[in-house]
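Presented below is the structure to which this report refers.
Proteins get letters first, then strands, A, B, ... in listed order; numbering begins at 1 in each. In this text the structure is predicted, and so the values were computed from the model without any measurement. The basis for the numbers below is simple: all heavy atoms, side chains too, and nothing from hydrogens, waters or symmetry mates.
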Amino acid sequence: MVRLPYFIALTTLFSYVLIFTIGRLRDLFRTLVDFYRPKSEGDQGYAPICLGLEDFYSRRLYRRIQDCFGRPLAGAPDTWIDVVDRHSNDSNKTIQRTADTRRCLNLGSYNYLGFAASDEYCTPRVVDCLKKYSPSTCSVRVDGGTTKLHAELEDLVARFVGKPAAVIFGMGYATNSSIIPVLTGKGGLIISDSLNHNSIVNGARGSGAVVRVFQHNTPLHLEEVLREQVAAGQPRTHRPWKKIIVIVEGIYSMEGEICKLPEIVAVCKKYKAYTYLDEAHSIGAVGKSGRGVCELLGVDPADVDVMMGTFTKSFGSCGGYIAASKEIIQYLKYACPAHLYATSMSPPAVEQVICAMKVISGEDGSNRGAVKLARIRENSNFFRSQLQKMGLQVLGDNDSPIMPIMLYNPSKIPAFSRECLKQNVAVVTVAFPATPLLLARARICISASHTREDLIRGLKVISEVGDLVGIKYFPVEPEKHLAESGGAMVD
Amino acid sequence: MASAVMNATTVALDWLSSSFDAPLARAVIFGVHVDGHLVVEVLLIVVILFLLSRKSYKHPKKPLTEKVLGPEPLHPPITEEMLSEPPTLESAAGTHTMIDGKEVVNFACANYLGLIGHEKLINSCASSLEKYGVGSCGPRGFYGTIDVHLDCEERISKFLGTSDSVLYSYGISTIFSVIPAFCKKGDIIVADEGVHWGVQNGLYLSRSTVVYFKHNDMASLESTLERITKGNKRAERLRRYIVVEAVYQNSGQVAPLDVIVKLKERYHFRVILDESNSFGVLGSSGRGLSEHCGVPVNRHNHVRAGGALATDGGFCTGSVRVVDHQRLSSSGYVFSASLPPYLASAAISAIDHLEENPSLLGQLRENISLLRRELEDVPGLTVSSNPLSPMVFLTLKRSTGSPKADQQLLEDITNRALKEDGVFIVTSKRSTLDRCRLPIGIRLFVSAGHTHGDIQKASASLKRVAAALLSEPI
């Protein structure tokens, strides 16, 4: 929950209204001009791809600040990156690459444990694996796509996470979209957090079950919704639901908040609902030995029915996994479309995850894993406390490596992004539709490979740019409680 | 008018009462004058006594049990077939691979151009790995765009002659992200009934009206289009799409693109073509089905998706407008991490290699026709795929009657072929979520790298095993 002062809410709304009005005016001119221009032959009789206001946001708002998004890199997404300079001749309608790059501090990539670039333990083994197994198996898992590596990784993941068995897929997004329809179909109920990721929303929609939403990270409201639904039963027939699945995430990527797992698991147990935990951002990044939110909050993995995660963020690879009981995994291997129809995970990527897991759990014989885990916690807590001392509004809990800094005003988004880039710091700014309209933010992702000097430099630049752009909404003293600064409260 | 009604009612009432009283007039029973109304009253009393004497309906007593009605378990009971594990490869999935320590001939991997294990590809991947690491650590919008992605997109557009293309990180997610990006609620989509699960999922997620036509039947397509657009004024203002696959994964048929394009121009539909199995295979230089059918790619808004060659991932090409729209509204592009850079560089080298050696295509075509010739006389199985399809599809001549028994029979054939003859072939498997009803069969993926010896070995093995298993009277 974010509290924003009335004044800021009003000014943000005013900015949006202004941009909207100017956009509509320009659309009006465009229709007038088009009226007099002859239509191209090819489009006669076809309905346009986007009718009316469907792509208004994309044309009139997003395109103006297009250069802040999709910045290409000329090297690995490591701590220091080479951002390719781009320029535009027609006020951002099209953007061209140049050959120049600038070396920037990377505060935006999901590189929590520093496995993004070439690693001394992992990369030689990955290259060997590439030479042996070639970049892809070109086949689905049930045909000829299962190699020894896949079986080894599934064992390793199951052991790492603390569940009896696991199955891996080539893409995290496809994992969610194809597992949820298999677990429940018509006659089932899915209760998901209001701020869940798009892949979960798509999976829930594709399953055919009834979907209900509960207030973000509020176990009390979840209990209310569960009571109501269990009592009411299925719509119209009022028969009991076939099964109820509650889907939550470990760390929410836009808020940086850690899920209140113990309370949610207790509520689910009481009402006999199944729990599905999506640990895309938390596996490998939180917890004393990197085992995720369950370890951090002291929840027994056996209490969570299905645990899902991805390898993109902390392990520097690609793909996703599901860990659950042996029977569920056997059933998923039999019925899940992503297992039966989609190409298996690329063997070098599998090897990268195996090596990264071995480093994290210390099986490679060194203590690099423990060092990395301690460093990321230290770095996150240091950075967050310093940002808060500066007077910036930072969301998220302690120990979480994601810190969104609130910007609110749409014009501050490109200002913050461009000014930071000028000073060679690369940040990520997020606006609608990934976040609510009034709550635009800049999101910082801390990595274990950031050194103390890197962080101090980043803090200095953010402070300067923050002063320039005017986002220091809170006074600089750290003791001032958020509750005292009254104003509008927005979920 | 009112008085006439009144008169009628009084007459009726008089008649009624007289008819009651008349037959029993002057009847005297036990000294009581019996009038008509007495009969009715006696009947009523009899009925009341009858009801009072019946047993009242008691609700059946159910003692309270300890059993609690719980939810269904997350998985149905595990059956035998769920426990079967696929064979594990111990080396690269090329034309020959190692399973359980033995070398087998591999017809189970879609390695159409034989590029798995190729020197050039591996070298470019290795240098890419050293430079960029494995993952790209972010979605395309947030520092996940590496210059190799942009290079790959440009290379694909140049190869196909389109204006622009967009790269996706996973083959199957391409099509189920593209379709919802363009088709919204209320739009009309006409799709082939044999499309694979990815397309079905995309159609379901798009919430548009979907009408299926008979598999690869152009007459059915035409009548469906006619039916939808005839007299339907609203249809002219909606977006309309035809979704077909170039080479169908479920049956090996090839869609006749020239006929489809003529129909689409007549009825003003846009075409979404899934070229997962035909990119790099069909056409004189491997540019896919449109080159093969002689249809210019950019004539109208052709949106295509294809699987990459010997690597993972997918792409979608078309006009700039079409591609740009996906960069903000396609969920698999915006909300998912981007393709690992080494796979993008593998794709670039694969396309370079294909352009320099178009003889690979001739080799592939020769292998396909050789295999088909050899498999003509396999007992009990027929070749049911198109002669151009690189995926040769065999179906049972006579089905056993139940799909499960068919599946079991075909799996027995493939297992025996693997164990006894060292030939690795597979059956097509269906998920419980798949709504396609086409018959399952045995699939052989032909590669340009297969030798004549490999092909003969495979066909000899199939003939032998099929003769043993299928000639028994069922």
Side-chain angles (χ1 to χ4, degrees), chain A residues 42 45-47 49 58 69-74 76-77 108-111 116-118 126-127 130-131 133-139 142-144 146-148 151 170-171 173-174 181 183 198 206 242-243 272 274 312 316-318 327-328 330-331 334-335 337 340-343 346 349 352 428, chain B residues 70-72 74-75 78 82 86 88-90 92-93 108-111 116-117 122 125-126 129-130 132-135 137-138 140-143 145-147 150 169-173 197 201 204-205 237-239 268 300 310-312 325 328 331-332 335-337 340 343 346 426 429 431-433:
Chain A
Y46 286 86
I49 287 189
S58 152
F69 303 101
R71 291 189 180 136
L73 310 181
S109 289
Y110 301 137
N111 179 19
S118 183
V126 172
V127 176
L130 169 75
K131 295 203 171 92
Y133 286 99
S134 84
S136 167
T137 56
C138 285
S139 172
V142 284
D143 287 346
T146 310
T147 62
K148 266 194 335 195
M171 182 188 182
Y173 188 96
L183 287 178
N198 187 275
K242 287 203 180 130
K243 38 185 118 134
K272 292 207 170 39
Y274 296 110
T312 331
S317 174
C318 65
E327 290 81 28
I328 298 182
Q330 260 161 5
Y331 175 60
Y334 171 71
L340 295 173
Y341 299 129
T343 328
S346 167
Q352 163 78 16
V428 161
Chain B
E72 281 181 11
L74 271 177
H75 59 90
I78 302 291
M82 292 188 195
T88 317
L89 272 66
E90 286 157 19
C109 297
N111 177 17
I116 289 186
I122 300 218
C125 281
L129 277 172
E130 304 274 347
Y132 299 108
V134 175
C137 298
R140 285 293 290 263
F142 303 151
Y143 303 108
T145 309
I146 317 274
D147 48 6
L150 301 172
S169 51
Y170 204 44
I172 205 177
S173 77
W197 176 83
N201 198 26
Y204 184 77
L205 285 173
R237 268 177 279 126
L238 290 171
R239 289 173 289 228
H268 298 299
H300 287 282
T311 71
D312 222 341
H325 178 77
L328 202 53
S331 35
F335 293 109
S336 165
L343 290 176
V426 284
K429 301 192 177 52
S431 157
T432 43
L433 299 177

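- The shortest non-hydrogen separation linking A93(B) to T137(A) is CB-O, 3.7 Å.
- Annotation for A74(A) and D147(B): closest pair CA-OD2, 3.4 Å, computed over non-hydrogen atoms.
- C138(A) SG to N111(B) CG: the interatomic distance, rounded to the nearest 0.5 Å, is 5.5 Å.
- Looking only at distances, no side-chain donor or acceptor of T147(A) sits under 3.5 Å from a matching main-chain atom of E90(B).
- Y204(B) touches chain A through its side chain: at least one heavy atom from C-beta onward sits under 4.5 Å away, while N, CA, C and O do not.
- The part of L340(A) that comes within reach of chain B is its side chain, from C-beta onward, which places non-hydrogen atoms under 4.5 angstrom from that chain.
- Your options are G138(B), C109(B), S169(B), and the one with the most heavy-atom pairs under 4.5 Å with chain A is C109(B).
- For the residue pair T343(A) and Y170(B), the shortest heavy atom distance occurs at O-OH, 2.6 Å.
- Of the listed residues (A349(A), P337(A), G206(A)), the one with the most heavy-atom contacts under 4.5 Å to chain B is P337(A).
- Between chain A and the options G133(B), C125(B), C137(B), heavy-atom pairs under 4.5 Å are most frequent for C137(B).
- Between Y341(A) and W197(B), the two ring planes are parallel [angle under 30°; tilted spans 30° to 60°].
- The nearest pair of heavy atoms linking S134(A) to I116(B) is OG-CG2, 3.0 Å.
- Of the atoms belonging to L328(B), it is side-chain heavy atoms, and not backbone ones, that fall under 4.5 Å from chain A.
- Put simply, of V428(A), T312(A), L183(A), V127(A), the one with the most heavy-atom pairs under 4.5 Å next to chain B is V428(A).
- For I172(B), the part sitting under 4.5 Å from any heavy atom of chain A is the side chain, from C-beta outward, and nothing else.
- Summarising the geometry of Y274(A) relative to E72(B), their closest heavy-atom pair is OH-O, 2.6 Å, with the distance given to 0.1 Å.
- Within the 4.5 Å cutoff, side-chain heavy atoms of P135(A) are placed close to those of L343(B).
- Only the side chain of I78(B) comes within less than 4.5 Å of a heavy atom of chain A; its backbone N, CA, C and O stay farther away.
- Of the two parts of L74(B), the backbone and the side chain both hold a non-hydrogen atom closer than 4.5 Å to a non-hydrogen atom of chain A.
- Note on K131(A), K242(A), K148(A): by heavy-atom pairs under 4.5 Å with chain B, the leading option is K242(A).
- In terms of heavy-atom pairs under 4.5 angstrom with chain B, the leader among A151(A), S346(A), S118(A) is S346(A).
- Using a 4.5 Å cut-off between heavy atoms, Q352(A) contacts chain B through its side chain alone, with no backbone atom that close.
- The greatest number of non-hydrogen atom pairs below 4.5 Å with chain B, out of A117(A), G108(A), S58(A), S317(A), is found for S317(A).
- Considering every non-hydrogen atom in both A76(A) and Y132(B), the closest pair reads CB-O, 3.5 Å.
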